[in-house]
Amino acid sequence: MSTEIKRNTAALDPDLPASAQLTAWLTSLVRNRAYGELAQLRRSRTRTNAHIWAGSYDAHHRDLYEQVAFLFAVYHRGASTPAPGFGSLGTAVRRIGTTVGRGPNDPGAARLVDRIVASRRIPWRHLQHAIARLRACEQPPPSWTQLVEDLARWHDRRARIAYGWAVDFHEPYDSTRNPTQKGSST
C-alpha cells in the first residue's frame, strides 16, 4: 500500500461543498486502510502531510479542517469501516450514556454539553472528549460534514450553533416532524 496520500474522486467533485469533500476523503482513508495517514492526523501538535491535505479543502478555514480531521481520526482509531455520522453534535451527544440513561439522563453527557455550548471559542478539548465518549459508547459520531459547517459558523451570532446543539441534545429527534413546523408534531 502506498504511503502517498491521495484524494478519491468524490473528494475532487467541485459540485460538493468543501466540507463534504473533506468527509469523502477521510472516509476513503478508512475504507482504503490508510492507517498511516490516520495516525498522522491523530498527532494534534505536529503538522503532518495529512493535516496539510485536510486543510487544503478550504484555505479560509484551514485550522478548522485540520482539527475536524483530527477528531475523525480519533473516532476511527483501529476502525475498518468508516462512519460518516449523522445529525448535529448535540444529536450525537444525546446518544452517550448507558442503559440506565442516555443524553440528558446521563449526568456526564449533560455536563459535557453544558461545557461545549457555554464556550465562546470553539471548545476543541471538549469536542475531543465528546468524540472519544461516542467511540467508547460505540455510538455513531455526528455528521462530519455538518460538524465542519457548524464550526465554521461558530462565531456567527445569527447562526446560534451552540444553542442549536443544546436544543438537539435536550429534544428527542422526531423523524415525522416537519422541520418548518413549530411546536409539537401531534
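This one's a predicted model, so the numbers in the text were calculated from it and none came from an experiment.
- No side-chain heavy atom of Arg94 sits under 4.5 Å from any side-chain heavy atom of Asp168.
- Minimum heavy-atom separation, Trp124 to Leu64: CH2-O, 4.1 Å.
- In this structure, the separation between NE2 on His129 and CG on Leu134 is 10.0 Å, given to the nearest 0.5 Å.
- With hydrogens and angles disregarded, a donor-acceptor distance shorter than 3.5 Å links the side chain of Gln21 to the backbone of Leu16.
- Here the side chains of Ile96 and Arg102 are not in contact, with every heavy-atom distance at 4.5 Å or above.
- Arg115 CZ: more than 12 foreign heavy atoms inside a 6.0 Å radius.
- Using modelled atom types, no side-chain atom of Ser119 and backbone atom of Ile122 make a donor-acceptor pair closer than 3.5 Å.
- The nearest pair of heavy atoms linking Ala73 to Leu41 is CB-CB, 3.7 Å.
- Note that CZ of Phe72 and CG of Leu26 are 5.0 Å apart. Values are rounded to the nearest 0.5 Å.
- Contact check for Arg135 versus Arg77: side-chain heavy atoms found under the 4.5 Å cut-off.
- Between His76 and Thr81, the shortest heavy-atom distance links the atoms CD2-O, 4.0 Å.
- Legend: residues meeting side-chain contact (heavy atoms from CB on, under 4.5 Å) with His170, ordered by chain and number and at least two apart, are Pro104.
- Checked against a 6.0 Å centroid threshold, the rings of Trp165 and Trp154 count as neighbours.
- With hydrogens and angles disregarded, a donor-acceptor distance shorter than 3.5 Å links the side chain of Asp58 to the backbone of His60.
- Note that CZ of Arg42 is 11.0 Å distant from CD of Glu37, once rounded to the nearest 0.5 Å.
- Side-chain contact between Trp144 and Leu22: absent, with no pair of heavy atoms (C-beta onward) separated by less than 4.5 Å.
- Counting only heavy atoms from C-beta outward, the side chains of Thr27 and Arg31 approach each other to under 4.5 Å.
- With a 6.0 Å cutoff to the six-membered ring centre and a 45° limit on the axis angle, Arg95 counts as a cation-pi contact of Phe86.
- Look at Arg160 and Asp150 and you find no salt bridge, because none of the NZ, NE, NH1 or NH2 atoms lies under 4.0 Å from a carboxylate O.
- Considering all non-hydrogen atoms of both residues, Val93 and Ala130 come closest at CG2-CB, 4.0 Å.
- No hydrogens or angles considered: nothing links the side chains of Ser19 and Thr145 as a donor-acceptor pair under 3.5 Å.
- Atom CZ of Phe70 and atom CG of Asp63 lie 14.0 Å apart (nearest 0.5 Å).
- Annotation for Ser80 and Tyr35: closest pair CA-OH, 4.1 Å, computed over non-hydrogen atoms.
- Counting heavy atoms from C-beta outward, Arg153 and Arg158 have side chains that stay 4.5 Å or more apart.
- Between Ser56 and Trp53, the shortest heavy-atom contact is OG-O, 2.6 Å.
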Verify salt bridge (charged side-chain N to carboxylate O under 4.0 Å, His left out) between Glu66 and Arg47, making sure each step is shown before the conclusion.
CA-CA 9 Å; Glu66 290 176 9; Arg47 292 296 179 243; 2.8 Å; yes

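- Once rounded to the nearest 0.5 Å, the distance linking CD1 of Ile161 with CG of Leu89 reads 11.0 Å.
- Note that CD of Gln67 is 7.5 Å distant from NE2 of His51, once rounded to the nearest 0.5 Å.
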